[in-house]
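Below, chains carry the letters A, B, ... as their sequence lines are ordered, and counting in each starts from 1.
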Amino acid sequence: MKKVYVGMSGGVDSSLTAALLVEQGYDVTGVYMKNWAQDLPGWACPWREDLADAKRVAVQLGIPFKIYDFQKEYKQKVVDYMIEGYKTGITPNPDIMCNQEIKFKLFLDAALEDGADMIATGHYARRMPLDDSPASSAEPTAPRVSQRSASSAPPVLGHRADKHATLRASTHPRISSEPEAPVGQFGLFMAEDKNKDQTYFLYRVSSKALKQVLFPLGELTKPEVRAEAKKRGLATAEKKESMGICFVGKVDIKDFLQQYVDTKPGAIVNQKGEEIGEHDGAIFYTIGQRHGLDVGGGLPYYVVDKDIDKNIIYVSTDLDDERLWLKEIKLTQPHWINKAPKSDTKLQVRTRHRAPLVNSTVTDANTIKLDDPIRAVTPGQSAVLYDGDRVVGGGVVV
RNA sequence: UGGGGCGUGGCCAAGUGGUAAGGCACCGGGUUUUGGUCCCGGGAUCGUAGGUUCGAAUCCUGCCGCCCCAG
């Protein structure tokens with residue numbers, strides 16, 4: 001009987017995950033990962049309730065229950081990564097980091113060491129064995145060498161890319177790119193419920209880890225999960241969705257950062273070059289952002305760029321501002337789940353959770369040319385590439 | 001202190017006699033396992049003091065403030 005350790009957060013999804021595995025005959029152990037337990041000014045960390053809920057469900061299911069304390073590692077690998085990223089002017093994605101470093105590395109390793117054969121989580125994603133004929137190779141297009149599109153790249157983009165590349169290089173990037181895994185075994189696929197699919201956050205999971213991971217909810221829709229949980233009388237069946245940074249919760253990111261970073265007021269400059277207001281720290285703002293600028297009158301302003309060194313944020317009322325619509329994305333720290341795509345491979349990409357897929361061409365390991373421009377592609381966020389339902393991999397936007 | 005114009009919620013801005021549109025910002029809520037986007041909801045008696053009128057933000061007068069022309 002396979003021994004499976006299930007990450008139980010105290011929510012419906014992971015609760016039902018555990019229940020399903022028990023029913024499927026696995027030897028299930030529930031594990032609550034204690035990653036964050038600190039209150040913040042004006043915000044109480046719900047870890048006690050979450051732990052209690054997870055434990056309650058474990059008791060209902062009659063499975064062993066454990067607590068793994070990863071607070072130290074979570075702080076280092078996820079929170080510090082996030083804080084450092086913001087300091088350099090990018091907009092990091094802590095949840096992707098959390099999956100890479102904590103759930104599918106630390107937790108996996110700890111579980112295996114503890115005697116588990118596999119781990120499982122309540123993610124909406126699917127894992128399936130790949131055929132011998134690797135589905136990874138999409139038909140190669142015109143057999144030309146990857147051509148740089150220097151001409152088509154807007155000057156602004158080039159400038160910005162360089163700027164951020166420099167910034168990143170000066171820090172210690174915490175996202176480590178996995179060595180290319182051998183083709184084979186398992187691929188990561190979008191969930192059946194395209195509305196809840198969470199593969200965007202999982203593209204940095206290694207194929208090695210995928211061999212030992214189960215996603216029992218991959219074939220279910222959210223309403224079904226709710227119904228099934230209710231049918232089984234799980235204590236968390238009606239629990240409200242939790243949102244925000246995983247394990248930390250719905251904290252105001254600005255309030256959170258202010259606990260760790262000192263900032264100074266700076267200028268808000270519009271598309272005409274006029275200073276139209278003052279912000280309280282450029283690191284708090286991200287590309288495409290509209291609210292929080294406190295500048296009113298006429299049309300809404302959107303952040304189109306920022307200069308972290310000068311502490312200036314650039315805004316525009318022009319919805320078609322060229323700085324807001326990129327046709328090409330430059331990546332750093334690429335990570336491919338099974339195999340890197342060949343040059344000029346046609347794939348689909350998304351640059352944020354739940355965003356529609358956009359047809360694109362991977363011209364080389366770190367360049368994606370988009371068929372249609374994407375709004376507010378943001379440095380620090382990830383671009384994830386799909387081949388149909390299969391997650392090919394992706395990288396961090398530079 | 002010669003002439004002209006303006007002053008509506010934090011900002012922009014409709015409304016010129018019938019009892020305050022709309023947008024932005026902000027706040028609250030919703031969507032969302034990051035940030036962001038998006039969606040819904042919320043606020044003013046109209047610079048001020050009088051007058052005319054059944055009734056005024058809308059007409060008249062004084063005052064205050066601002067802008068332009070006045071070279």
Among all residues two or more places apart in sequence or in another chain, which pass the side chain to side chain contact (heavy atoms under 4.5 Å, CB included) test with [X]?
| X | result |
| --- | --- |
| E49(A) | P46(A) |
| Q259(A) | L40(A), P41(A) |
| K264(A) | N311(A) |
| D262(A) | none |

[N] versus [M] - spacing of their [atom1] atoms, nearest Å:
| N | M | atom1 | answer |
| --- | --- | --- | --- |
| G9(B) | U45(B) | P | 10 Å |
| C6(B) | G10(B) | P | 22 Å |
| U48(B) | A25(B) | P | 27 Å |
| U8(B) | A57(B) | P | 15 Å |
| U19(B) | G55(B) | P | 15 Å |
| A44(B) | A70(B) | C1' | 37 Å |
| U31(B) | U37(B) | C1' | 11 Å |
| G42(B) | G22(B) | P | 10 Å |

Does Y200(A) make a side-chain N or O approach to OP1 or OP2 of G35(B) shorter than 4.0 Å? no
With sequence neighbours excluded, tell me which residues meet salt bridge (charged side-chain N to carboxylate O under 4.0 Å, His left out) with K310(A). none
Sequence neighbours excluded, which residues qualify as salt bridge (charged side-chain N to carboxylate O under 4.0 Å, His left out) partners of E192(A)? R126(A)
Reading RNA chain B from 5' onward, which residue's closest nucleotide shows up sooner: R375(A) or F201(A)? F201(A)
Quick check on RNA chain B: between T286(A) and D197(A), whose nearest nucleotide comes earlier from the 5' end? D197(A)
Within the 4.0 Å heavy-atom criterion, would you say K254(A) contacts the bases, only the backbone, or no part of the nucleic acid? nothing
Select base, sugar-phosphate, or nothing to describe what Y86(A) touches, counting heavy atoms under 4.0 Å on all strands. sugar-phosphate
Base-paired stems that RNA chain B participates in, counting runs of 3 or more Watson-Crick or G-U pairs under 3.5 Å: B:2-7 with B:64-69, B:10-12 with B:22-24, B:26-30 with B:38-42, B:47-51 with B:59-63
Listing, residues 216-225 of chain A side-chain donor-acceptor contacts under 3.5 Å, not counting sequence neighbours, or none:
from    : atom 1 : to      : atom 2 : distance (Å)
T221(A) : OG1    : E224(A) : N      : 3.2
T221(A) : OG1    : E224(A) : OE1    : 3.4
K222(A) : NZ     : D13(A)  : OD1    : 2.9
K222(A) : NZ     : D13(A)  : OD2    : 3.2
K222(A) : NZ     : E241(A) : OE1    : 3.1
K222(A) : NZ     : E241(A) : OE2    : 2.7
E224(A) : OE1    : T221(A) : N      : 2.8

State plainly whether the residues D197(A) and K194(A) are in salt-bridge range, i.e. N to O under 4.0 Å. no
Would you say the side-chain atoms of Q271(A) and T317(A) include a donor-acceptor pair closer than 3.5 Å? yes
Between the side-chain atoms of T378(A) and the base atoms of G36(B), is any donor-acceptor pair under 3.5 Å? no
For a quick check, tell me whether the side chain of E241(A) and the base of U32(B) share a donor-acceptor pair closer than 3.5 Å. no
Base versus backbone protein contacts along nucleotides 20-25 of chain B [heavy-atom cut-off under 4.0 Å; B, S, -]: ---BBS
